[in-house]
J.: 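I have a structure I would like to understand better, so I am pasting it below and will then ask my questions one at a time.
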Amino acid sequence: MTNALPTPQPRPERRVLSVLVDNVPGVLLRIVALFRRRGINIHSLAVSVTEDPGVSRITMTVECPAALAESVVKQVRRVVEVRRVRDVTDAPRTERELALVKVNAPAGVRSEILEAAQVFRARPIDLTEKTVTLEVTGSPEKIDAFLNLVARHGVREVARTGSVVLLRGSATT
Amino acid sequence: MRITTAETRKATRTISGAQAVVRVLEEAGVEWVFGHPGGASLPLYDALYDAPSIRHVLCRHEQVAAHAATGYARASGRFGVCTATSGPGATNLVTGLADAMMDSAAVLAITGQVVRANIGTDAFQEADVTSITTPITKHNALVMDPHALVRTLREAIYLCQSGRPGPVLVDVPRDVFQTQIPEELLDEPFEPRRRPVTKGHPARIAEAAEAISQSRRPILYVGGGAQGASEPLARLARRCRIPVTVTLMGKGAFDETDPLCLGMLGMHGTAYANYAINAADLVIAVGARFDDRVTGRLKDFCPHARFIHIDIDPSEIGKNKPAHIPIVGDAREVLEVLEPLVQPPDVEAWWKQIEEWRTRYPLRWKPGPMLKPQEAIEAIYRVTRGEALVVTDVGQHQMWAAQYYKCRRPRTFISSGGLGAMGFGFPAAMGAQFARPDALVVAIVGDGGFQMTMQDLITAVEWRLPLKIYVVNNGSLGMVRQWQELFYHQRYCAVQLQNPDFARIAEVFGAVGVRVERSEDLEPALQRSLEVTDRPVVVDLIVDPEENCYPMIPSGQSVKEMILGD
Ligand SMILES: Cc1ncc(C[n+]2csc(CCOP(=O)(O)OP(=O)(O)O)c2C)c(N)n1
Ligand SMILES: [Mg+2]
C-alpha cells in the first residue's frame, strides 16, 4: 500500500450570521453571490420579515473560517439594502430550528417512535398507516440527534427551516 | 362631474416615465449620454429628443458607451452616463460595468427592459440584466413601480458617486418609461438611506501620526482612492520627505517628476519602488487595495512593515493584508487631519539606501535597429511635455506607458487596472475628451486591444474629437507572447497578429492616419499629430516585436524573484 493517509482537514467552522435588510427584491441574490464567489457553502438560510414590515432578517449559517467570514461580512455590509450584519457565532444567543420529519411507522414500531419523540418533545402532526410526521424544534444539534435516533426506522423525508437566532437579553441582534 | 379649475389641473399634471428620467438627468447636470438605442429604450430616446441640454453620443457598440462613460467619469471627477436597450444592448454593457466596478468609476447605466407583463417569459430581447450585473455593479434596480422611477434614479446618481464610487444600473421596462406619473414626484426631496463615513477616527489618526513620526523607513503607497487627495498627500510627503510609490490607478495623485516619487510599484513597477516598499518599516496605504498585481505573494510582501491603511471602503481594510492602524474615511479628509500631526521622521539613512537602488536599477531599455516601444513612449512624453491626459489599453504598452509617462496631476492617467479589459483605451479616451474638451488626450493602445473597439473611430470622427491614438504595434498580443516566452518555453500559440494597416483604416473612417517605422520619423510624426485639431489621428508605431516588459515580478512571486531584464 502506497496510499498516504490524507492529512486531516480542519473541520470547516460553522459561523452564524444575522443580516437585517430592506424588504425588497434582489437583496438576497446580492448577498448570496458574495459567499458563492468565495466558494463558501451556505449551510442554512432563513429569511423572513421582522417586527418592521419594511425590514427582513436573514439568518444564515455558513461553513468557513472566522477570518474569511469577517471579510465577506464586510462586503455584505456594502450592499445598499443591508442595514446591519453580525457574526453572532461567539455571542450569547438563543438559536432554534424547526424540522418536519417523516418516518416509516408501521404498527409494530409506531409506539416506540412516539416514545422517542416525547423525549425530544417532537409532536406528531400527521399519521398514516405507514408513516408518522413529527415536528421537532430546537438547536440544530438536537435536531441532528433526533434524526440519528429515528434513522433506523427509515426517514422518508426531512424539511428543516435552518437556524434563526436572537441575541440573549436586551442586546440587539 | 368634471373639475377643470387651474388649481387641480396643476396638481394632477403628469409626465411620462421617460420624461421624468430626462428631467432627473438634467437636474443632475448631465451633458453627455453615451449609448445605443433599441426597442425597449425607444421612449427614452423620444424624451431625449426634447432635451436640448443633454447630448447623446451614438456609440457603435454598447461596450464603447460604457467605457466612454467611465473615461468621462474618471477624467472629470463627475459621473458618466451610458444607456442601452434590453437584451443584447444590456449584455454588451457588461464588460464596461465590470471594469467600472473594479476601478471604482462613477457610472450610471440606464437600460431598457421588456414590458413588465413579459418579464420572465423569455420575451424577445429579454435578458435578466439585474441578475447578470449583480456582482459587477455597486447597486442595481429593476423599476417595476413607475412611481418609484424618480426616486430610484436619484438614488442611483447618488450612489454611483458617494463613498467608494462604482457603477449603478437602473433597468426600466418599456411600459414604465411610457406610464404617465405625477409630475410632482420630481419635487420630492431625496434622502439617501445611509451616508458613508468620510471622517477618520481621531484616535486612529493620532496613532498613525505617531507611527509615522517614529518610523525610520516609511513609504506612501498611493492608489486610485487618492486621486482626490493630492494636495494633503503632497504636503505630507514633502514636509516629511516620505518616499511615494503609486499604483497604476494612483498615477497622477502625486507628481511623478518629484524626486520623492519612486514611480509605479508591483509586477512591472520600478525595481527601486519594489525594493523600497519591501524594506519599509511602515507602509502608509492611501486608497489602495493590496491587489495581487501589486503585492505578488502576499505572505512575502513587506515582511518588516506595519501598515496604516486609509480607505473609504471598510471591506478593503484587512482584506488582503492585516492593517495595524486601520482608518476608514475619505483619503482627503483623513490626510488633511493627519498631515499637521506628523513630526518629520529621521529618513536620512533610508533615502541613502533608496538613492542607491534608484541609481543601480533604473528603468532602462536598449536601442536597436527597430523602433523600441519604450522609445516611442518617451517620445510621446517629450512632445506632449508631460501634459497630456493619457489613457491606455491593456498589455505591454500599458505597462510601458505607466513606466515612462510620468504624470503630474490627478485624473491624467486612465487605464483599466482591476479588470484589465482590452478594448478599454480608445473608448475611454473618447469619454475623457468629452469631459475635458480642451485637454490633450492621448490614447496609447496595443495593436491587439485597439482592434476590439476600433469600429468607434467613426464616432470620434463624427464628433471631431482631436484625440491622438498611438498604436504601439508589435504585431502580436505582446503581453501574452511575453508570458509564453518566459513561462511556456517559447511555445507561441495564438499570439501573432496579422494586422490591417491602421493608418489606412483611420483614413477610411475620415481620421488622419500615419505610419511610423523608423526612429528618425518618430518625433516629427508625433509633432504633426499634435497639429491636427479637428479630428482624431491614428499613429501606427511599428515597434520591435521581441521587446519584453521589465522589470517583472512573475505572478504570485515576491520581490526576490524579480526579473530585471537585460
Ligand atoms: C478582453 C481581454 N481579452 C484578453 C485579455 C488577455 N490579454 C492581456 S494582454 C493581451 C495582449 C494585448 O495585446 P496588444 O493589445 O497588442 O498589446 P501588447 O501587449 O502587444 O502591448 C491579452 C490578450 C485581456 N486582458 N482582455
Ligand atoms: Mg501588441
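Just so it is clear, the values below take in all heavy atoms, side chains as well, and ignore hydrogens, waters and symmetry mates. To find a chain, count down the sequence lines: A is the first, B the second, and so on, and within it residues start at 1. These numbers come from a predicted model, not from an experiment.
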J.: Would Arg30(A) and Thr137(B) satisfy side chain to side chain donor-acceptor pair (under 3.5 Å), going step by step from the backbone distance to the final call?
T.: CA-CA 10 Å; Arg30(A) 231 171 223 287; Thr137(B) 51; 2.7 Å; yes
J.: Do other residues, nucleotides or ligands put more than 12 heavy atoms under 6.0 Å from the CZ atom of Arg36(A)?
T.: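 Open: at most 12 neighbouring heavy atoms sit under 6.0 Å from CZ of Arg36(A).
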J.: Does any heavy atom of chain B fall under 4.5 Å from the side chain of Glu81(A), the backbone, both, or neither of them?
T.: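 Interface part for Glu81(A): both.
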J.: Check the surroundings of atom CZ in Arg121(A): do more than 12 heavy atoms from other residues, nucleotides or ligands lie under 6.0 Å from it?
T.: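 Result for CZ/Arg121(A): open.
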J.: Is the side chain of Lys74(A) donor-acceptor paired with the backbone N or O of Ile317(B) at a distance under 3.5 Å, no angle test?
T.: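 Here the side-chain-to-backbone pair exists.
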J.: Heavy-atom count check: over 12 atoms from other residues, nucleotides or ligands less than 6.0 Å from Glu141(A) CD?
T.: yes
J.: Find the distance between NZ (Lys319(B)) and CD (Glu70(A)) and round it off to the nearest 0.5 Å.
T.: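 That separation rounds to 14.0 Å.
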J.: Can you tell me if Arg193(B) uses its side chain to pair, donor with acceptor, with the backbone of Val80(A) under 3.5 Å?
T.: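 A pair under 3.5 Å: no.
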J.: If I measure from the heavy atoms of chain B, does Val79(A) come under 4.5 Å with its side chain, its backbone, both, or neither?
T.: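 Contact with chain B: backbone only.
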J.: Can you tell me if His201(B) has over 12 outside heavy atoms packed within less than 6.0 Å of its NE2?
T.: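 Not buried by this count: 12 neighbours or fewer within 6.0 Å.
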J.: Could you look at Val82(A) and say if it's the side chain, the backbone, both or neither that has a heavy atom under 4.5 Å from chain B?
T.: backbone
J.: Checking heavy atoms, do the side chain of Asn140(B), its backbone, both or neither come under 4.5 Å from chain A?
T.: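 For Asn140(B), the contact with chain A is made by backbone and side chain together.
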J.: Hey, are the side chains of Arg78(A) and Arg164(B) touching, using non-hydrogen atoms and a 4.5 Å cut-off?
T.: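 In contact.
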J.: How far does CG of Leu29(A) sit from CG of Asp128(B), to the nearest 0.5 angstrom?
T.: 8.0 Å
J.: Flag yes if more than 12 heavy atoms outside His324(B) fall under 6.0 Å of its NE2 atom; otherwise flag no.
T.: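 Yes, because the 6.0 Å sphere around NE2 of His324(B) holds more than 12 heavy atoms from other groups.
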